[in-house]
Amino acid sequence: MAEFVRYRTPLGGGRAVTAPATCAQRHIWNLMQRQLPDAAFYDICYWVPLPGHGTAQDLLDVFAELLRRHESLRTTFHRGADGSLVQQVMDSAEFETEVWTLTPDEDPDSVLDTWQRRMRHTPFEPAQAPLIRFMVIVAAGAPVLAAYCVSHLVVDLTSLRLLADEITALLDARAAGRPLPPAVPARQPVEQAQLENTPRGRALQARARAYWCRQLASAPATLFPPRNGAGGSLAAPVRYSAAMESRAVALAVPLLARRWRVSTSVVLLTAVAQLLGRRAGTPSCTLRLLAANRSDPELRGTIGNLHSEVAVTIGLEGERIEDIARRAFAECTAAYANGLYDPDEVADLIASAHGPGVPVDLSYCFNDVRLEHALPPEVEGGAAVSGAALRAAMADTVVAPDEFEEGETFFLVIDDEIPGRIRLVLNADHRALTPSQVHGFLYDVERSLVEYADGTGQQAMEERGAAAGGPGRSLP
């Protein structure tokens, strides 16, 4: 059976500095407070396969280099005298690494799963650095996998991916005896906080505030009104997740993106918004998009939390689905341009959007985490895919329960980790969607995309519009 040794590695010599927390750090902090007492809810595990060379000591040295380079990894958080959130970069820290050694018949994935489950119940203390832990799996004398658990306060998804790439590059250099590749020049979170308090930063936040006001003015009060029956009587949220792996979606989405002249992400967003709006009987749908906020070149290599969630209200009325998709594309472009905002100010806007004490329910998230939107071989060069081929692909679709956890009423994540397929993972509150309805919603997304791709979806949309009493109304 695999055994591990826990190492505690000290390092020092970095910069020690204190600054106000950034907008993104404050946003995650607020979400974490809402999730208590589950203090580990916003801790994230990520792993990277290794080429099987070097030693465990090489990786310990690589991890130490990461903490030296990236101030966010040795940052703590506390409330200042005035009650505001403060980030404090420590000049020294001691980080923890578990090195697991496999026996010849053991599977690295099972060891990783065990470690991740334990990390899920081992919260960080925000006032103690570093807010990251590492693990290494060694097989046949060489490391074959590295993983890290880290607080969302100090990283976002892009940072997790950048760290994985950096670990591989540093290990390759270390194992080969070459000089370590230099760190990518990037703005540190302390400098980001300083920028947010400049006239430019305040102007961006004022622009974002006006954007939020416009979105909230047209947002429906809720997409999931209280319903009768057992599901609506639950006193506390009980959440369920399911994942759909679909070859049909992977085939239909790029065809529709070309036809509608939008991104593949907007194709998926349009289908989801249509289904939610139709279910709620509303002429618009408001979702929160997750913005990376890395358009500034100085932020593209930053290891830190730059993430924000931006509301986008999509009008669902129109004679053609292309019109709705193009409108969604324009709205998304505006949303991503307004990702820097004061989270406390926006929370106040949401709380009073429909009058004092009448909040808008924005507990609905759409998160497309795909790195690349490459086209499947069947549609390279714009080749057509027949309706029969699309429907045949639906027979391969798999929907099953998933362990994904979120704290929202409706949270949909899209990835393409399985070649030739798109994976949709939906987590929902039972009071909004029962487990069977979660499965049904995922199948409905696939079906609607296939119907739009083969030309039958537009006809169905027009028929629903006629039944609702006017052309193009996408209501039941």
Side-chain angles (χ1 to χ4, degrees), residues 31 35 38 40-49 107-121 145 147 149-150 152 156-157 160-161 164 223-224 231 234 236-250 252-253 264-265 268-269 271-272 275-276 279 287-290 307 309 363-371 393-449:
L31 293 178
Q35 203 61 40
D38 188 357
F41 190 87
Y42 283 98
D43 297 344
I44 315 163
C45 291
Y46 201 81
W47 61 273
V48 54
D107 177 17
D109 288 344
S110 64
V111 174
L112 175 64
D113 289 345
T114 299
W115 180 80
Q116 289 186 120
R117 285 195 297 272
R118 181 155 47 84
M119 291 300 102
R120 176 66 184 83
H121 299 286
L145 183 146
C149 179
V150 58
H152 204 345
D156 52 21
L157 177 59
L160 294 173
R161 291 167 169 167
L223 296 177
F224 291 99
L234 294 175
V238 178
R239 297 183 177 90
Y240 173 79
S241 287
M244 178 174 76
E245 299 169 4
S246 173
R247 187 165 60 91
V249 171
V253 164
T264 58
S265 188
L268 289 157
L269 176 63
V272 170
L275 289 170
L276 286 172
R279 185 185 184 283
L287 292 159
R288 297 200 332 264
L289 305 180
L290 276 70
H307 151 110
E309 298 170 357
S363 190
Y364 321 111
C365 291
F366 176 94
N367 188 19
D368 188 345
V369 301
R370 294 174 298 157
L371 268 176
M394 294 173 73
D396 299 334
T397 298
V398 175
V399 177
D402 193 84
E403 294 184 352
F404 173 64
E405 290 183 88
E406 261 300 340
E408 310 296 333
T409 299
F410 177 100
F411 200 114
L412 183 71
V413 176
I414 299 161
D415 68 49
D416 56 359
E417 295 177 358
I418 302 170
R421 292 176 180 261
I422 284 180
R423 183 170 180 264
L424 294 88
V425 186
L426 175 56
N427 178 265
D429 185 336
H430 280 37
R431 294 173 296 183
L433 295 176
T434 65
S436 63
Q437 289 173 328
V438 168
H439 286 235
F441 190 94
L442 292 171
Y443 280 119
D444 285 345
V445 172
E446 179 187 61
R447 176 187 50 77
S448 63
L449 289 167

query = Taking atom CD of Glu405 and atom CZ of Phe411, what is their separation to the nearest 0.5 Å?
reply = 12.5 Å

inquiry  = Looking at Arg370 and Asp416, would you say the former's side chain and the latter's main chain have a donor-acceptor pair under 3.5 Å?
reply    = no

ask   = Would you say His152's side chain and Tyr42's backbone share a donor-acceptor pair under 3.5 angstrom?
value = no

message = Looking at Phe404, is its backbone amide N or carbonyl O close enough to the side chain of Ser241 to form a donor-acceptor pair, meaning the two atoms are under 3.5 Å apart?
response = yes

key: Tyr240 side chain to Val438 backbone, donor-acceptor under 3.5 Å   = no

ask   = Is it true that atom CD of Glu403 has more than 12 heavy atoms of other residues, nucleotides or ligands lying nearer than 6.0 Å?
value = no

Atom pair CD/CG of Glu408 and Leu287 - distance to nearest 0.5 Å = 11.5 Å

ask   = Are Arg279 and Asp444 close enough for a salt bridge, meaning some N to O gap below 4.0 Å?
value = no

message = A side-chain contact here means heavy atoms from C-beta on lying under 4.5 Å apart; do Thr397 and Tyr443 qualify?
response = yes

inquiry  = Could you measure the distance from the OG atom of Ser363 to the CD atom of Glu406? Nearest 0.5 Å is fine.
reply    = 9.5 Å

query = Atom CG of Asp109 and atom OG1 of Thr114: how far apart are they, to the nearest 0.5 Å?
reply = 10.5 Å

request  = Hey, can you tell me if Phe410 and Phe441 have their rings parallel, tilted or perpendicular (30° and 60° cut-offs)?
outcome  = perpendicular

request  = State, with a plain yes or no, whether a side-chain heavy atom of Leu426 is found less than 4.5 Å away from one of Gln437.
outcome  = no

message = Just so I know, are the side chains of Thr264 and Ile422 near enough to count as touching, which here means a heavy-atom distance under 4.5 Å?
response = no

Atom pair OG1/CZ of Thr409 and Arg239 - distance to nearest 0.5 Å = 7.0 Å

inquiry  = Side chains of Phe366 and Leu276, heavy atoms from C-beta outward: is any pair under 4.5 Å?
reply    = no

key: Spacing of CG belonging to Asp113 relative to CZ belonging to Arg118, to within rounding of 0.5 Å   = 12.5 Å

